Amino acid sequence: MIKSINTTARYLPQGNEVDLFHHAAASQLPVLLKGPTGCGKTRFVQYMAEQLNRPLITIACHDDLTASDLVGRHLIGAEGTYWQDGPLTRAVREGAICYLDEVVEARKDTTVVLHPLSDHRRELPIDRTGELLKAHHDFMLVISYNPGYQNLMKGLKPSTRQRFVGLSFDYPTPEREVVILCQEAGIDKQTATQLVALGNDLRRLKDQDLEEVASTRLLIYTALMICSGCSVREACRACLAEPLSDDSETLAAIDRLISCYF
Amino acid sequence: MEEFVGAIWHRLVTRQSATDFADARVDLAELQPQLAPFYRGLGGAPGKLLEAAEPRPFRAPRKLIQRIAGSHRRHAVSWQDERSLRLPPSIALFPERELNESLYLWLTAMAAVTPVIRRWFGDNQRASRHLLEARPGLGKRYREMVEAGLLLRPGPDQLQDDAWVRELAIRRALLQPGSVESLPRAPGDAWPVPFWLYPAPLHDLSVVAEDDSSEQQGEQPPAPPEQVDSARRTARRLDDSKETDGFLIFQLESLFSRVEQVELDRCQEDNLDDDLGAAEDLDIITLSRQRRAGSARVKFDLDLPAPQQDELALGEGIRLPEWDYRRQAFKEDFCLLQPMLADDAEPAPLPEALKPAARTLRNRFSCLRPERNWLRRQLQGDELDLDAWLHLMTDEQRSTEPGACYRQRRPNQRDLSCLLLADLSMSTECGINEHERVIDVIRDSVTLFAEALSGSRDRFALYGFSSIKNKQVRYHLLKNFNEPYGDAVRGRLQRIKPGFYTRMGAAVRQSAAILEQEQSSQRLLLIISDGKPNDIDHYEGRYGIEDTRRAIQQARALGIQPFCITIDDEGSDYLPYLFGDKGYALVSDIKRLPEMLPRLYLNLTGAC
Ligand SMILES: Nc1ncnc2c1ncn2[C@@H]1O[C@H](COP(=O)(O)OP(=O)(O)O)[C@@H](O)[C@H]1O
Ligand SMILES: [Mg+2]
């Protein structure tokens, strides 16, 4: 019923993640998606929500996110104060999929509210109102994070992560990524193939030369720019070099890699 | 007069015989920072270094003028082994700079897709073809380079019969890689092909520092010499990683007699009968390392402080693992790390010369105040805590007592521990000028760093390290986390002296273990280094790098933030691999280290 035609998410499976997600959903288990930025995690969740015909509530996590932001708070209206559910509470009540994107960005004390929801209890205690909310049958918790980030202050507590069914994502295989590029950007197959090969060259620079590498998303950006008439080299430079590094030597090297193809 | 004429003559013929376009020369050094990521991007091994190739002898027919000038006997061709990729130190083959640059890129790309050359003629063709097919952007430049390159090759006037047939095959292989099956036989060497990679030169004959890993030796039985001799065609080309396994132990004296027995690999599988005298090849056998290893053995025997003069060894030592990348496994308990304390160092005041700088630094560090945050639900404070107020309003059992509805700005406690680990290896002995050695600057830097930090509330510890193979990793306690900083520590710092080698992995592992005990939420491991990890056993080159990298990764996994400050100008070659792009800083002017170290610390810990 929520499914509308123009939001239909195209998703090309990487492996058995679709099946696994179905099983987790049927067993009312929460799911953890791991993988680098821009490899299709968000898209996957959108797709699965449509497949399961459940509403999707997405929360992008950040370090100011408090438990109240998730659960809800009292607001002041004309009649005095009143309670408003946060997005998490709404999802729990309505039976939606609640997707916490980049959950490690949230502070560790924030994620603690997820604990009673993510084990067999499936309930959400709302301290402020004294309500103990039992989760709707269709409620499902999905969190994602990028294990590549190295930051001392961030990370998922082991006690949090071990409550989830884990699915690992990576950039799609070259063959699949070519298909995705063609589908998403409408670019010709030959250029898509070259772009994907270039993307994979750049991915080898991970850690040593680049902190973040060319994601599927960036490859799609490049393809979109090319399709709108931008020259291939300029599009590559603008989408695959500049966003990834500020170091002039590294940029020069990336430029050389680009000119191996175009 | 005769001499004078001779000199002019020499200059004349050398110039005439030169085939270089000096104006268009491209040096490896200038392109290197780009080539390394380029190599990795194309799939080359990330730990590999880029170095200049030594010229090696070729016996190919030279032009008359080249013969007269005595030039073109040796060529710096490209090759690689486990340790590094060797490219010509400079390229001036073509009149356009761009093409010379392109040749560097081409060679780098070739090396990235061909880690080992087994059959020179076939492998190079295959690699070229693969590159041209997979990366169409390379084609145009390649054709330009080959077209220009063919003009520089010897023609039928210089090459007779078989040699010319062979040359024709090479030319065809360059124009259409993959199209020529085998290389026709001909005497001598073919004129070097600058677009192709060569096998590693022979340097089978190294004196290997004895490996203390007696436990490990069972795995690799010593190779019987007959076996070496029978392997005529592939005369063992042992690269770094293999030769240091400790199973070929030669004495220096036996080196030359062995050389005579070795067949030379001429890079041409079909062309073995025609022999270049083995002696000619002697100079490509890298003797320096062997010599170093040999003398090092003597040296540390003499140099090792007699027990009564040495620092106090604390305890029995700590066993630590070491990562062997070739086996992709840890050697458990392989290193013995010995914590040491200069217990007889007299307490000493801060040296006069450092006092002004120390004062400034202490002041600066004493106002280390991290960003502030709000304390909520206070009975009084700067602002109303709306959240708390709402909570109070909606609380069913609201009491009549005044609510804690304010919020108050409060500085956050900095919650940080830093362990400074200084490389005290022998190389720090070397002089910067006639008054100062590297070690002196390191000592001053550590001292000033300690002075600065003692002004802050951050917890810190100071350690130094050096090593003599795996059984003696010397780990000097200068100040631990709990000892207050004072004259006792200053006295120990004054006693810092250069040690031996740099087994960095073990020192990093121990430091990480110490930091792990710290309760602080941020834990920083700051390493001052003056060069690559190395030791006199197999711990050098890629081995040492991979082990150190492993140790760093392990530290990261413990939630420790490693950071390296190096004074090694070549640090950018390997430090990104060890510490990541943002994980190190290079201080090329060592005299600035004392001032840079505290500044870097401030940047790193997010205060300013
Ligand atoms: N398997 C896939 N099928 C279809 N599109 C994909 C796939 N993987 C990635 N994409 C494309 O890549 C883009 C970025 O993916 P996204 O899901 O936002 O990444 P993440 O959430 O992992 O950061 C998407 O908008 C989509 O266009
Ligand atoms: Mg996303």
Side-chain angles (χ1 to χ4, degrees), chain A residues 64 66-69 73-76 80-84 108 127-130 148 150-155 190-191 193-194 197-214 232-233 236 244-262, chain B residues 31-44 46-47 101-102 104-106 108-109 112 131 134-141 386-387 389-396 415-416 520-524 549 553 556-557 559-562 572 574-583 606:
Chain A
D64 279 340
T66 62
S68 315
D69 293 332
R73 53 165 48 93
H74 282 102
L75 297 178
I76 307 164
T81 60
Y82 65 97
W83 173 260
Q84 191 181 51
K108 286 177 188 166
D127 297 346
R128 295 289 170 92
T129 60
Q150 296 282 5
N151 188 310
L152 203 51
M153 308 309 285
K154 292 171 189 163
Q190 199 199 340
T191 317
T193 311
Q194 304 282 320
L198 173 61
N200 281 298
D201 285 357
L202 297 177
R203 284 172 195 163
R204 295 197 192 97
L205 300 183
K206 172 107 180 95
D207 292 334
Q208 196 160 352
D209 306 288
L210 298 177
E211 274 178 65
E212 284 281 322
V213 289
V232 184
R233 265 169 165 242
C236 288
L244 299 179
S245 177
D246 298 321
D247 179 80
S248 59
E249 296 290 2
T250 309
L251 285 174
I254 294 180
D255 221 22
R256 304 283 193 185
L257 287 168
I258 294 173
S259 54
C260 284
Y261 293 97
F262 303 107
Chain B
L31 220 53
Q32 194 159 352
Q34 288 177 37
L35 290 179
F38 183 74
Y39 179 74
R40 292 189 278 270
L42 288 164
E101 269 181 24
S102 297
Y104 267 126
L105 292 164
W106 173 259
T108 309
L131 277 178
R135 295 182 170 75
L138 289 172
K140 181 169 162 281
R141 281 265 180 268
L386 256 188
D387 217 37
W389 182 76
L390 277 168
H391 188 47
L392 196 76
M393 291 293 107
T394 51
D395 194 353
E396 272 143 41
D415 187 19
L416 191 143
S520 307
S521 63
Q522 249 182 313
R523 289 166 296 179
L524 182 63
R549 176 173 146 98
Q553 285 171 344
R556 282 226 173 87
I560 291 162
Q561 228 167 23
S572 309
Y574 55 94
L575 288 174
Y577 185 62
L578 296 179
F579 292 89
D581 210 14
K582 301 264 179 319

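So you know, we letter chains A, B, ... as the sequences are listed, proteins then strands, and number each from 1. Below, each value reflects all heavy atoms present in this structure, side chains not excepted, and no hydrogens, waters or symmetry copies. Every value quoted in this text rests on a predicted model; they were computed, and no experiment measured them.
Your options are Pro37(B), Gly583(B), Ser572(B), and the one with the most heavy-atom pairs under 4.5 Å with chain A is Pro37(B). Most heavy-atom pairs under 4.5 Å with chain B: of the set Gln194(A), Glu249(A), Arg256(A), this distinction falls to Arg256(A). The greatest number of non-hydrogen atom pairs below 4.5 Å with chain A, out of Gly137(B), Ala112(B), Gly139(B), is found for Gly137(B).
Contact of Leu105(B) with chain A is made through the side chain alone, with heavy-atom distances under 4.5 Å. Neither the backbone nor the side chain of Ala197(A) comes within contact range of chain B; no heavy atoms are under 4.5 Å apart. Contact of Leu31(B) with chain A is made through the side chain alone, with heavy-atom distances under 4.5 Å. At a 4.5 Å heavy-atom cutoff, Gln32(B) makes no contact with chain A through either its backbone or its side chain.
Side-chain atoms of Arg204(A) come within 3.5 Å of backbone N or O of Gly41(B) as a donor-acceptor pair.
In this structure, the separation between CG on Leu210(A) and CZ on Arg40(B) is 9.5 Å, given to the nearest 0.5 Å. In this structure, Phe38(B) CZ and Leu205(A) CG are separated by 11.0 Å, a value rounded to the nearest 0.5 Å.
Using a 4.5 Å cut-off on side-chain heavy atoms (C-beta onward), Trp389(B) and Ile76(A) make contact.
Residue Ala253(A) comes nearest to Gln34(B) through the heavy atom pair CB-O, 3.4 Å, listed as atom of the first residue, atom of the second, then distance. Residues Asp387(B) and Ser68(A) approach most closely at OD2-OG, 4.1 Å, considering heavy atoms. Closest approach of Tyr261(A) and Pro136(B) over heavy atoms only: O-CG, 3.9 Å.
Under a 4.0 Å N-O distance rule, the pair Arg135(B)/Asp201(A) qualifies as a salt bridge.
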